Amino acid sequence: MEVLSINNDLYILNEKEFVPKNIFENGQAFRWEKINDGYMVVADKYVVYIEELNKEQLQNLGNYDNGILIQNGGTLDDYERFWKTYFNMDRDYFLLRNEFMSYDKYLKEACEFGVGLRVLKQDLFEMIISFIISANNQIPKIKKSINAISELAGDKIYSINNNSYYKFPTIEQLSKVTVEDLKKYARVGYRAEYIVNSVKMIVDEEVSLEKIKSLPYEEAHKELCKLQGVGPKVADCILLFGDSRDEAFPVDTWVIKVMNEYYLDNEKNMKKIKEAGAKLFKDKAGLAQQYLFFYARENKVGVKKKG
DNA sequence: GTCCAGGCCAGAC
DNA sequence: GTCTGGCCTGGA
């Protein structure tokens with residue numbers, strides 16, 4: 001793997017374990033938009049366009065086998081300080097998949113299907129709010145709500161043509177937004193109270209984000225569940241995508257389907273499904289979950305066909 | 001009009 | 001502790 005920065009654009013070269021679709025369309029991130037063959041992504045203070053390089057571009061850069069463009073991603077310093085962490089570039093996904101492929105034939109198939117998937121390390125506070133919104137909701141709506149909240153309270157970071165992009169608000173900024181505005185502009189419905197109350201609990205340090213980062217997984221999970229609108233599934237998403245807790249195993253409808261299709265027999269108890277995940281995949285349950293989830297949703301595993 | 005979506009909460013047992 | 005019904009909203 002090699003990283004270049006040319007004219008404020010970053011290039012990640014000769015890294016096969018990096019497929020934008022498998023990273024962004026995997027339910028872990030919401031601040032992206034499919035444009036042409038790539039993705040417009042807002043992360044921290046950055047607004048970037050990410051796409052796979054074609055043969056000509058690879059040749060011009062110096063005969064690389066494959067590569068990713070992060071347009072407007074910044075300098076190598078930006079890479080070291082932000083992108084490297086955001087994309088978890090220190091994790092060797094090739095090794096990880098090889099390990100998983102020896103587990104069982106289902107995980108093997110999911111790992112082959114999901115080559116290039118990576119679990120992001122995003123901002124903890126942003127993940128808390130994002131996944132409170134995600135409950136009983138669908139991705140296009142979640143994305144709209146989060147963009148609206150960013151526009152409502154966050155700093156403007158970039159404008160192009162008539163589009164403006166906003167950073168996700170800080171705790172301080174979001175604490176000033178009212179339930180009424182969240183309902184009216186962000187269309188989050190009954191989740192508005194959850195957001196306002198949870199932000200207040202964080203501001204008042206009834207729940208400390210620093211503490212959560214330092215606690216062992218089980219205790220961090222318990223701590224997050226004190227927040228309104230945060231249950232077991234949402235807490236696991238927050239820990240997996242916002243704090244790189246690989247043992248977190250979010251059980252959503254797709255995981256219920258895929259676990260019952262391959263590992264369990266019509267188990268409906270979420271807690272038991274989660275325990276099965278922990279037993280099967282141990283301290284890497286969250287990573288296995290990502291491959292299984294992606295495979296299940298893309299292939300509609302466990303969905304009864306009509307007719 | 002009806003149904004449901006990447007769950008949580010409150011109340012009942 | 002475990003189970004059930006209700007829920008904002010927008011699109012099928």
Side-chain angles (χ1 to χ4, degrees), chain A residues 21-32 110 114 117 119-120 122 126-149 152 177-201 207 218 221-242 248-261 266-277 285-306:
Chain A
K21 176 186 160 67
N22 300 8
I23 293 172
F24 293 106
E25 298 195 34
N26 197 18
Q28 61 174 326
F30 301 106
R31 303 212 67 192
W32 54 268
L117 175 166
V119 179
L120 299 172
Q122 303 174 77
E126 182 175 343
M127 290 303 100
I128 290 172
I129 305 305
S130 298
F131 281 97
I132 287 176
I133 295 169
S134 81
N136 195 24
N137 209 341
Q138 22 194 38
I139 291 177
K141 272 177 61 192
I142 301 165
K143 286 164 66 178
K144 277 184 191 168
S145 293
I146 295 171
N147 279 335
I149 288 174
L152 210 53
V177 176
T178 62
V179 168
E180 291 70 33
D181 281 350
L182 286 172
K183 286 184 179 174
K184 188 174 173 187
Y185 300 107
R187 313 298 297 163
V188 293
Y190 59 83
R191 304 171 192 86
E193 276 93 356
Y194 299 166
I195 293 170
V196 167
N197 291 338
S198 288
V199 170
K200 185 171 170 15
M201 287 175 80
V207 170
E218 291 290 349
H221 188 273
K222 203 180 204 175
E223 197 67 15
L224 276 171
C225 286
K226 288 182 185 169
L227 295 171
Q228 261 198 43
V230 178
K233 188 270 179 182
V234 167
D236 270 336
C237 285
I238 293 166
L239 288 170
L240 183 57
F241 308 132
F249 191 77
V251 180
D252 53 49
T253 59
W254 285 106
V255 172
I256 294 171
K257 288 187 181 83
V258 73
M259 289 297 283
N260 277 309
E261 187 80 8
N266 200 23
E267 178 60 66
K268 285 169 184 151
N269 185 298
M270 307 278 194
K271 203 178 158 193
K272 286 185 181 165
I273 295 174
K274 184 176 162 167
E275 282 166 8
L287 301 170
Q289 189 269 10
Q290 284 287 280
Y291 286 106
L292 291 169
F293 170 88
F294 185 66
Y295 180 79
R297 200 183 58 176
E298 294 285 312
N299 297 294
K300 304 210 181 301
V301 168
V303 177
K304 283 168 192 159
K305 285 168 190 157
K306 283 181 182 175

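By convention in this document, chain letters (A, B, ...) are assigned in the order of the sequence lines, proteins followed by strands, and residues within each chain are numbered from 1. Everything quoted here is computed from the prediction, not taken from an experiment.
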Hey, what are the protein-to-nucleotides 9-13 of chain B N/O distances that come in under 3.5 Å?
from, atom 1, to, atom 2, distance (Å)
B/dC9, OP1, A/G229, N, 2.8

Check: Under 4.0 Å between a Lys/Arg side-chain N and an Asp/Glu carboxylate O for A/K21 and A/E298?
Finding: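 Yes, A/K21 and A/E298 are salt-bridged.
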Is there a donor-acceptor pair closer than 3.5 Å between any side-chain N or O of [X] and the backbone N or O of [Y]?
{"X": "A/R191", "Y": "A/I129", "result": "no"}
{"X": "A/S198", "Y": "A/Q228", "result": "yes"}
{"X": "A/N260", "Y": "A/E267", "result": "yes"}
{"X": "A/K257", "Y": "A/V303", "result": "no"}
{"X": "A/H221", "Y": "A/A235", "result": "no"}
{"X": "A/Q28", "Y": "A/L120", "result": "yes"}

To the nearest Å, give me how far apart [atom1] ([X]) and [atom2] ([N]) are.
{"X": "A/I139", "N": "C/dT9", "atom1": "CD1", "atom2": "C1'", "value": "16 Å"}
{"X": "A/H221", "N": "B/dG7", "atom1": "NE2", "atom2": "P", "value": "14 Å"}
{"X": "A/K274", "N": "B/dG7", "atom1": "NZ", "atom2": "C1'", "value": "14 Å"}
{"X": "A/D252", "N": "B/dC8", "atom1": "CG", "atom2": "C1'", "value": "14 Å"}
{"X": "A/N197", "N": "B/dC8", "atom1": "CG", "atom2": "P", "value": "16 Å"}
{"X": "A/I273", "N": "C/dT2", "atom1": "CD1", "atom2": "C1'", "value": "15 Å"}
{"X": "A/I149", "N": "C/dC8", "atom1": "CD1", "atom2": "C1'", "value": "14 Å"}
{"X": "A/R191", "N": "C/dC7", "atom1": "CZ", "atom2": "P", "value": "13 Å"}

How many angstroms lie between atom [atom1] of [X] and atom [atom2] of [Y], to the nearest 0.5 angstrom?
{"X": "A/D252", "Y": "A/I273", "atom1": "CG", "atom2": "CD1", "answer": "10.0 Å"}
{"X": "A/L152", "Y": "A/K184", "atom1": "CG", "atom2": "NZ", "answer": "10.5 Å"}
{"X": "A/F30", "Y": "A/E126", "atom1": "CZ", "atom2": "CD", "answer": "10.0 Å"}

Next item on the list: Provide the distance between the two P atoms, one in C/dC8 and one in B/dG11, to the nearest whole Å.
Entry: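 Straight-line distance between the two P atoms is 15 Å.
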Next item on the list: Scan A/D236 against the nucleic acid and name what it touches under 4.0 Å (heavy atoms): base, sugar-phosphate only, or nothing.
Entry: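 Nothing, no heavy atom under 4.0 Å.
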Check: Dot-bracket for DNA chain B: what is it, with Watson-Crick or G-U pairs under 3.5 Å, [ ] where a pair crosses earlier ones, and | for a pair to another strand?
Finding: .||||.|||||||
Next item on the list: Can you see which heavy atom on A/A248 is nearest to which on A/P250, and at what distance?
Entry: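 What the structure gives for the nearest pair is O-CD, 3.5 Å.
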Check: Would you say C/dT9 has OP1 or OP2 under 4.0 Å from some side-chain N or O of A/N136?
Finding: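 Result: no.
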All N/O contacts under 3.5 Å from nucleotides 10-12 of chain C to the protein, with atom names and distances to one decimal?
from, atom 1, to, atom 2, distance (Å)
C/dG10, OP1, A/R187, NE, 3.0
C/dG10, OP2, A/R187, NH2, 3.3

